[in-house]
**Student:** 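Questions regarding the structure given below will be posed in turn.
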Amino acid sequence: MTQTSPAREPDQNIFLYDTMQRQKVRFTPGTPGRVGMYLCGPTVYSDAHLGHAKKEVAFDVVRRAFLHFGYQVRYVANITDVGHLQNDADEGEDKIAKRAALEQLEPMEVADKYFWSFVRDMDALNVMKPSINPRATGHITEQIKLIEELIERGHAYESQGSVYFDVRSWPDYGKLSGRRLEDQEEGTREAVREEKRDPRDFALWKRAETGHIMRWDSPWGVGFPGWHIECSAMSLKYLGEGFDIHGGGLDLQFPHHEAEIAQSEAAGHAFARYWMHNNMLTIGGEKMSKSKGNFTTIQDLLAQHDPMVVRFLLVGSHYRSVTEFSEEAFESARNGYRRLTETLNEIGRRLPHAPAGHDADVDAQIRLQRDAFDDAMRDDFNTPKAVAALFGLTALMNRTLADGNLPRGTLEHARDTYQELGGGVLGLFAQAGAPAAGRDDTEVVGALMDLVLKARQHYRLSKQYAQADELRDTLASVGVTVEDTKDGVRWKR
């Protein structure tokens with residue numbers, strides 16, 4: 001299903017960095033008012049890691065931004081459940097098959113187990129579900145058809161039951177990464193040299209050796225698809241020729257995305273019009289790596305940190321920048337996110353008792369912060385600047401809240417701005433994938449807290465201090481702090 005944005009005219013001034021053109025360009029959709037996006041999804045053979053979190057949150061924000069700016073979005077993210085061999089090579093074991101043997105499960109059991117694990121992780125990080133979530137194993141027919149087109153056009157050849165793309169038949173191979181064919185690494189394995197015309201040719205279909213547990217019939221014998229062909233087949237099927245945006249991690253630029261472009265265009269299909277790549281993350285200043293012992297799954301991370309703090313840390317750096325995961329970074333993210341939520345909660349607390357009307361000056365300043373946020377997101381989805389605009393809104397509201405009672409209309413304006421921009425676009429102010437609290441929930445919580453604080457004040461005036469302290473301690477145990485100030489009692493999360 002295509003996600004529909006709020007009713008507004010699509011914004012024509014969105015700029016994004018196109019990896020192919022190596023510059024920031026104005027985004028022009030192929031179909032007015034609509035955006036077709038394809039994201040290279042996970043290979044579901046193990047629990048998702050921090051690299052997945054970076055990528056998924058980055059492109060979730062891009063998608064949300066297009067919705068915010070008035071577009072309808074079809075967002076397709078594949079699931080690789082066959083064909084991805086160890087070390088991203090054309091030789092060796094299939095990652096799913098290897099894990100199936102290790103866990104003594106059927107391959108589809110492994111794929112389903114880790115697919116649902118991935119879904120739970122994404123829900124926790126408040127990542128919207130794709131419009132379409134196609135699996136490689138469900139599109140074998142489409143992949144075979146695309147391979148047949150390549151063979152017919154002279155860009156692929158069969159060899160001993162496998163089929164390879166002939167890179168020398170397509171001079172543009174390498175145009176995304178800027179790697180010239182003559183500079184690309186020559187293979188060294190004799191077995192590879194014997195089966196391929198050129199060591200740099202990549203597999204479209206692999207012959208299934210005896211005992212290989214993932215196998216399908218094909219015109220070239222029993223086998224399974226290569227890793228790259230699935231994304232071409234599925235993106236073209238669900239988004240059509242010349243779709244708008246193809247996204248993925250910077251590590252997929254070569255060879256995966258190069259292979260996608262070459263095989264799609266060589267088969268006669270117009271492929272993605274814009275390419276977007278997110279950068280990597282580091283842990284304690286070093287790139288995450290299993291060999292370095294700093295490899296962390298999303299589940300392990302969420303056992304230690306609030307999911308919204310994790311997401312806040314991720315959106316706090318630009319998608320094309322490196323994101324640092326460290327205790328210092330998390331502490332900064334916790335403090336920053338707390339500043340936003342405390343102010344939002346204070347607005348909710350004051351709303352039920354606020355007088356009617358608007359403060360025109362404060363409303364105008366809120367609109368300035370909204371404009372700053374939108375300008376940042378139009379500029380290649382600059383989330384650090386967008387977050388800065390939210391902090392500008394927070395400073396404004398803290399200052400004006402301290403000066404006196406703001407009217408209800410202005411408080412609602414501020415609350416809605418937080419929820420629309422911070423919640424709707426950046427995906428914050430939610431827990432475990434649940435929608436951020438709406439106005440009714442906020443007001444109910446505020447009203448209940450007023451009752452609790454009145455009860456505590458009654459205990460204090462009656463000199464029942466033990467009961468007053470018990471109320472305060474109970475609130476503290478669930479993360480609510482009560483403060484006695486010169487202007488009265490205040491609470492915050």
**Student:** Between His49 and Gly51, is there a donor-acceptor pair closer than 3.5 Å when you use the side chain of the first and the backbone of the second?
**Tutor:**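 A pair under 3.5 Å: yes.
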
**Student:** Strictly by modelled atom types, are Ser131 and Arg74 linked by a side-chain donor-acceptor pair under 3.5 Å?
**Tutor:**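 Side-chain D/A pair, Ser131 to Arg74: absent.
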
**Student:** Should Lys175 and Glu258 be marked as a salt bridge (charged side-chain N to carboxylate O under 4.0 Å, His left out) after you check the CA-CA gap, both sets of side-chain angles, and the distance that decides it?
**Tutor:** CA-CA 7 Å; Lys175 65 180 179 179; Glu258 289 286 15; over 6 Å; no

**Student:** Salt bridge check: are Lys129 and Asp123 linked by an N-O gap of less than 4.0 Å?
**Tutor:**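 Judged by the 4.0 Å cut-off on N to carboxylate O distance, Lys129 and Asp123 do form a salt bridge.
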
**Student:** Determine, for Arg334 against Asp306, whether the closest basic-nitrogen to carboxylate-oxygen distance falls under 4.0 angstrom.
**Tutor:**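 The answer is no: the pair does not qualify as a salt bridge.
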
**Student:** Do any N or O atoms from the side chain of Tyr173 and from the backbone of Arg179 form a donor-acceptor pair under 3.5 angstrom?
**Tutor:**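 Looks like no, no N/O pair under 3.5 Å.
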
**Student:** Would you confirm whether the ring centroid of Phe27 sits within less than 6.0 angstrom of the ring centroid of Phe15?
**Tutor:**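 Aromatic pair excluded; centres sit 6.0 Å or further apart.
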
**Student:** Compare every heavy atom of Ile229 with every heavy atom of Gln263, then report the nearest pair and how far apart it is.
**Tutor:**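 Heavy-atom minimum between the residues: NE2-CA, 3.2 Å.
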
**Student:** Under 3.5 Å, which donor-acceptor pairs link side chains of residues 380-392 to any protein atom two or more places apart or in another chain?
**Tutor:**
residue	atom	partner	partner atom	Å
Asp380	OD1	Tyr17	N	3.0
Asp380	OD1	Tyr319	OH	2.6
Asp380	OD2	Tyr319	OH	3.4
Asp380	OD2	Arg320	NE	2.8
Asp380	OD2	Arg320	NH2	3.0
Asn382	OD1	Lys385	N	3.2
Thr383	OG1	Val315	O	2.7
Thr383	OG1	Ser317	O	3.3

**Student:** Check whether NZ of the Lys or CZ of the Arg Arg63 lies under 6.0 Å from the centre of the six-membered ring of Tyr75 and within 45 degrees of that ring's axis.
**Tutor:**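 Yes, Arg63 sits over the ring of Tyr75.
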
**Student:** Does Gln21 use its side chain to pair, donor to acceptor, with the backbone of Thr19 at less than 3.5 Å?
**Tutor:**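 Flag not set: sc Gln21 to bb Thr19 has no pair under 3.5 Å.
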
**Student:** Any chance you could lay out the side-chain contact (heavy atoms from CB on, under 4.5 Å) test for Gln369 and Thr417, step after step, and finish with the verdict?
**Tutor:** CA-CA 9 Å; Gln369 296 303 329; Thr417 300; over 6 Å; no

**Student:** Taking the side chain as everything from C-beta on, heavy atoms only, tell me whether Met234 gets closer than 4.5 Å to Tyr38.
**Tutor:**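 Side-chain contact under 4.5 Å: yes.
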
**Student:** Could you check whether any side-chain N or O of Arg99 sits under 3.5 Å from a backbone N or O of Tyr45, counting only pairs where one atom can act as donor and the other as acceptor?
**Tutor:**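 A pair under 3.5 Å: yes.
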
**Student:** Measure the CZ-NE2 distance between Phe325 and His305 for me, rounded to the nearest 0.5 Å.
**Tutor:**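 The distance works out to 8.5 Å.
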
**Student:** Hey, are Arg408 and Glu412 close enough for a salt bridge, meaning a charged N less than 4.0 Å from a carboxylate O?
**Tutor:**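 Here Arg408 pairs with Glu412 in a salt bridge, since their nearest N and O are under 4.0 Å apart.
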
**Student:** Between Lys24 and Asp379 (salt bridge meaning N to carboxylate O under 4.0 Å), is one present in this structure?
**Tutor:**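 The answer is yes: the pair qualifies as a salt bridge.
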
**Student:** What verdict does the side-chain contact (heavy atoms from CB on, under 4.5 Å) test give for Asp244 and Thr31, after you've listed the backbone C-alpha separation in whole Å, the side-chain angles of each residue and the deciding distance to 0.1 Å?
**Tutor:** CA-CA 9 Å; Asp244 294 310; Thr31 301; over 6 Å; no

**Student:** Given side chains that start at C-beta, do those of Ile144 and Pro219 come closer than 4.5 Å, heavy atoms only?
**Tutor:**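 A side-chain contact under 4.5 Å exists here.
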
**Student:** Indicate yes or no: does Glu149 engage Lys145 in a salt bridge with an N to O separation below 4.0 Å.
**Tutor:**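 Salt bridge between Glu149 and Lys145, a charged N being under 4.0 Å from a carboxylate O: yes.
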
**Student:** Give the minimum heavy-atom separation between Asp18 and Trp275, together with the two atoms involved.
**Tutor:**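 In terms of heavy atoms, the two residues are closest at OD1-N, 2.8 Å.
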
**Student:** Go through Asp198 and Arg168 one step at a time and tell me if the salt bridge (charged side-chain N to carboxylate O under 4.0 Å, His left out) criterion holds.
**Tutor:** CA-CA 8 Å; Asp198 187 299; Arg168 289 200 173 275; 3.1 Å; yes

**Student:** With a cut-off of 6.0 Å (strictly less than), are more than 12 heavy atoms of other residues, nucleotides or ligands near CD of Glu106?
**Tutor:**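 No, not enclosed.
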
**Student:** Holding to side chain to side chain contact (heavy atoms under 4.5 Å, CB included), I want the full list of residues that pass it with Asp363, two or more places apart in sequence or in another chain.
**Tutor:**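 So Asp363 forms a side chain to side chain contact (heavy atoms under 4.5 Å, CB included) with His358, Ile366, Arg367, Thr410, His413.
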
**Student:** Please work out which of the three classes, parallel, tilted or perpendicular, describes the rings of Trp227 and His256, given edges at 30° and 60°.
**Tutor:**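 Parallel: the ring planes of His256 and Trp227 meet at under 30°.
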
**Student:** Do Glu260 and His246 get their side chains close enough for a donor-acceptor pair, meaning under 3.5 Å?
**Tutor:**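 Judged by distance alone, the side chains do pair up.
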
**Student:** For residues 307-318, pull every pair meeting salt bridge (charged side-chain N to carboxylate O under 4.0 Å, His left out), keeping only residues two or more places apart or in separate chains.
**Tutor:**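 Matches after skipping sequence neighbours: Asp60-Arg311.
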
**Student:** Got Thr137 and Phe224 here, is their nearest side-chain heavy-atom distance under 4.5 Å?
**Tutor:**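 No; the side chains remain at least 4.5 Å from each other.
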
**Student:** Would you say the side chain of Arg197 lies within less than 4.5 Å of the side chain of Asp166, judging by non-hydrogen atoms?
**Tutor:**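 The answer is yes; the side chains approach within 4.5 Å.
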
**Student:** Between Ser169 and His155, does any side-chain donor sit less than 3.5 Å from a side-chain acceptor?
**Tutor:**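 Yes, because at least one side-chain N or O of Ser169 sits under 3.5 Å from a partner of the opposite role on His155.
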
**Student:** Do His68 and Leu421 come within less than 4.5 Å of each other through their side chains, counting heavy atoms only?
**Tutor:**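 Yes - at least one pair of side-chain heavy atoms lies under 4.5 Å apart.
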
**Student:** Find the distance between CD (Gln12) and CZ (Phe69) and round it off to the nearest 0.5 Å.
**Tutor:**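 Spacing of CD (Gln12) from CZ (Phe69) equals 12.0 Å.
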
**Student:** For the pair Asn133 (side chain) and Ala77 (backbone), establish whether a donor and an acceptor sit closer than 3.5 Å, ignoring hydrogens and angles.
**Tutor:**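 Between the backbone of Ala77 and the side chain of Asn133 there is a qualifying donor-acceptor contact (under 3.5 Å).
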
**Student:** Parallel, tilted or perpendicular, judged at 30° and 60°: which one describes the rings of Phe312 and Tyr337?
**Tutor:**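 The rings of Phe312 and Tyr337 sit tilted, inter-plane angle from 30° to 60°.
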
**Student:** Quick check: does any side chain N or O of Arg120 sit under 3.5 Å from a backbone N or O of Phe115, one acting as donor and the other as acceptor?
**Tutor:**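 Pair absent, no side-chain N/O of Arg120 close to backbone of Phe115.
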
**Student:** Could you tell me if Ser162 and Trp220 have a donor-acceptor pair between their side chains, going purely by distance under 3.5 Å?
**Tutor:**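 Trp220 vs Ser162: no donor-acceptor pair found between side chains.
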
**Student:** Can Thr80 and Glu230 be counted as having a side-chain donor-acceptor contact under 3.5 angstrom?
**Tutor:**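 Indeed, the side chains of Thr80 and Glu230 share at least one donor-acceptor pair under 3.5 Å.
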
**Student:** Using a strict 4.0 Å threshold on nitrogen-to-oxygen distance, state whether Asp251 and Lys55 make a salt bridge.
**Tutor:**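 No, this pair does not count.
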
**Student:** Could you tell me if the ring centre of His277 sits under 6.0 Å from that of His257?
**Tutor:**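 Between His277 and His257, the centre distance is under 6.0 Å.
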
**Student:** Given 3.5 Å as the limit, does a donor-acceptor pair link the side chain of Arg64 with the main chain of Gly424, or not?
**Tutor:**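 Yes, because the side chain of Arg64 sits within donor-acceptor range (under 3.5 Å) of the backbone of Gly424.
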
**Student:** State, yes or no, whether a side-chain contact exists between Val310 and Phe330 at a heavy-atom distance under 4.5 Å.
**Tutor:**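 With C-beta onward as the side chain, the pair touches.
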
**Student:** Relative to the ring of Tyr157, is the ring of Tyr164 parallel (under 30°), tilted (30 to 60°) or perpendicular (over 60°)?
**Tutor:**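 The rings of Tyr164 and Tyr157 sit tilted, inter-plane angle from 30° to 60°.
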
**Student:** Run Lys95 and Thr43 through side-chain hydrogen bond (donor to acceptor under 3.5 Å, both in side chains) and show every step you take.
**Tutor:** CA-CA 8 Å; Lys95 292 184 177 183; Thr43 301; 5.6 Å; no

**Student:** Check step by step if side-chain hydrogen bond (donor to acceptor under 3.5 Å, both in side chains) holds for Glu195 and Ser159.
**Tutor:** CA-CA 6 Å; Glu195 190 166 297; Ser159 177; 5.4 Å; no

**Student:** Is there side-chain contact between Leu314 and Thr323, with heavy atoms separated by less than 4.5 Å?
**Tutor:**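 A side-chain contact under 4.5 Å exists here.
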
**Student:** Students often mix this up, so state it plainly: with edges at 30° and 60°, are the rings of His52 and Phe118 parallel, tilted or perpendicular?
**Tutor:**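 Plane angle over 60°, so perpendicular.
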
**Student:** Do Tyr238 and Phe243 have side chains that approach each other closer than 4.5 Å (heavy atoms only, starting at C-beta)?
**Tutor:**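 Answer no - side chains too far apart.
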
